[in-house]
Amino acid sequence: MPRISTETRTRNEEAIRAAMDRLLRGELPPGGRCDIKTLAAEAGVPRTGFYAKRNRDGSDRRGPYQHLAEEVERRLKAMQHAGAMLDPRDGQIARLKENNGILRDRVSTRDAEIAGLKEFRKRALSQIAAQHAELERLRRQLADGTVRRLPAPASAPLGSGN
């Protein structure tokens, strides 16, 4: 014996189909998605009717509205395969994933640039340190008198460029 009358079940199925059509057209309630939970809430029926039940003997029996849950999932997959985006959050998620990829690329490029600049700085500091040490050595030799200053180069005579 069914728990609900045939008339109530028929009325509930009509409400579910109407809600299903609204959701699949993209008319989502605030905070809702195109899913079974929202479908049940919009149709005003318990969500448990969309899922299989287990009898006391352990055997499974279909939920009274399980065929409608399968239908909405089938229609939703077909629409998604065709490229329809019912839930604006799905588009937002796709955009955010794309932006995340772009930002990851930018970060890795910047990391490579920073690594190159660090290597350049290391080489430059090493060269500066070597030049400083050489200047100090030459100044000590000049102060000790072991090196004499070179005379200033003579300027070229005028008119020798002809």
Side-chain angles (χ1 to χ4, degrees), residues 16-54 60 62-63 65-162:
I16 292 168
R17 287 188 187 281
M20 181 188 320
D21 290 337
R22 283 193 310 274
L23 293 178
L24 291 174
R25 281 194 308 266
E27 298 174 16
L28 302 175
R33 297 185 52 104
C34 193
D35 60 2
I36 299 299
K37 181 179 178 181
T38 305
L39 177 63
E42 285 292 298
V45 297
R47 185 172 51 175
T48 58
F50 292 98
Y51 303 104
K53 309 287 187 272
R54 194 163 290 253
D60 288 336
R62 292 178 59 81
Y65 310 120
Q66 190 171 353
H67 65 286
L68 294 173
E70 293 166 355
E71 179 182 339
V72 74
E73 288 172 3
R74 186 178 57 253
R75 288 174 62 185
L76 181 61
K77 283 181 184 177
M79 291 178 76
Q80 288 172 340
H81 184 69
M85 189 123 358
L86 300 176
D87 192 345
R89 288 176 290 194
D90 292 338
Q92 183 180 16
I93 289 169
R95 264 191 325 278
L96 290 173
K97 283 182 179 180
E98 181 181 337
N99 287 346
N100 192 19
I102 291 168
L103 291 174
R104 284 181 185 272
D105 291 343
R106 285 176 57 188
V107 166
S108 64
T109 301
R110 298 275 166 85
D111 285 347
E113 288 175 8
I114 289 170
L117 290 171
K118 283 181 178 179
E119 183 61 32
F120 174 77
R121 181 183 65 184
K122 185 173 143 183
R123 283 192 322 267
L125 287 174
S126 177
Q127 289 174 350
I128 289 170
Q131 289 172 353
H132 179 70
E134 179 67 12
L135 287 173
E136 290 296 316
R137 184 186 66 78
L138 291 173
R139 285 184 183 137
R140 275 193 312 273
Q141 286 180 352
L142 188 60
D144 293 345
T146 56
V147 173
R148 8 177 239 133
R149 289 185 188 225
L150 294 174
S155 56
L158 294 175
S160 63
N162 289 343

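Sequential numbering from 1 along the given sequence is applied to the chain's residues.
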Nearest heavy-atom approach of L39 to M20 is CD1-N, 3.4 Å

Check: Judged by atom type as modelled, is there a donor-acceptor pair below 3.5 Å linking the side chain of T109 to the main-chain atoms of D105?
Finding: yes

Any side-chain to backbone donor/acceptor pair from T38 onto G32? Under 3.5 Å, distance only. no

d(Y51 OH, K53 NZ) to nearest 0.5 Å is 9.5 Å

The reported gap from NZ in K118 to CD in E113 (rounded to nearest 0.5 angstrom) is 13.0 Å

| Quick check: does any side chain N or O of Q66 sit under 3.5 Å from a backbone N or O of G63, one acting as donor and the other as acceptor? | yes

Original post:
Are any of the side-chain nitrogens in R75 or E71 under 4.0 Å away from the carboxylate oxygens of its partner?
Top reply: yes

Minimal heavy-atom distance between R47 and I36, with the atoms involved, is CG-CG2, 4.1 Å

On a heavy-atom basis, the closest approach of Y65 and F50 is O-CD2, 3.4 Å

Worksheet item: Would you say K37 has more than 12 foreign heavy atoms packed within less than 6.0 Å of its NZ?
Response: no

Scanning both residues in full, the closest heavy-atom pair of A43 with A19 reads N-CB, 4.0 Å

When every non-hydrogen atom of P46 is compared with those of A40, the smallest separation belongs to C-CB, 4.3 Å

- Message: I'd like to check Q131 versus E136 (side-chain heavy atoms, cut-off strictly below 4.5 Å). Are they in contact?
- Response: no

Value for CZ (R33) from CG (L28), rounded to nearest 0.5 Å, stands at 9.0 Å

(message) With a 4.0 Å cut-off on N to O distance, would you call E98 and R95 a salt bridge?
(response) no

Worksheet item: Take atom CZ in R106; do more than 12 heavy atoms of anything else shown fall under 6.0 Å from it?
Response: no

Value for CD (E73) from CG (D35), rounded to nearest 0.5 Å, stands at 9.5 Å

Here the pair of heavy atoms bringing P29 nearest to L23 is CD-CD2, 3.9 Å

Here the gap from R74 atom CZ to H67 atom NE2, rounded to the nearest 0.5 Å, amounts to 10.5 Å

### Message
Is there a side chain to side chain contact (heavy atoms under 4.5 Å, CB included) between L117 and R121? Walk through the geometry before answering.
### Response
CA-CA 6 Å; L117 290 171; R121 181 183 65 184; over 6 Å; no

dist L103:CG -> L96:CG (nearest 0.5 Å) comes out at 10.0 Å

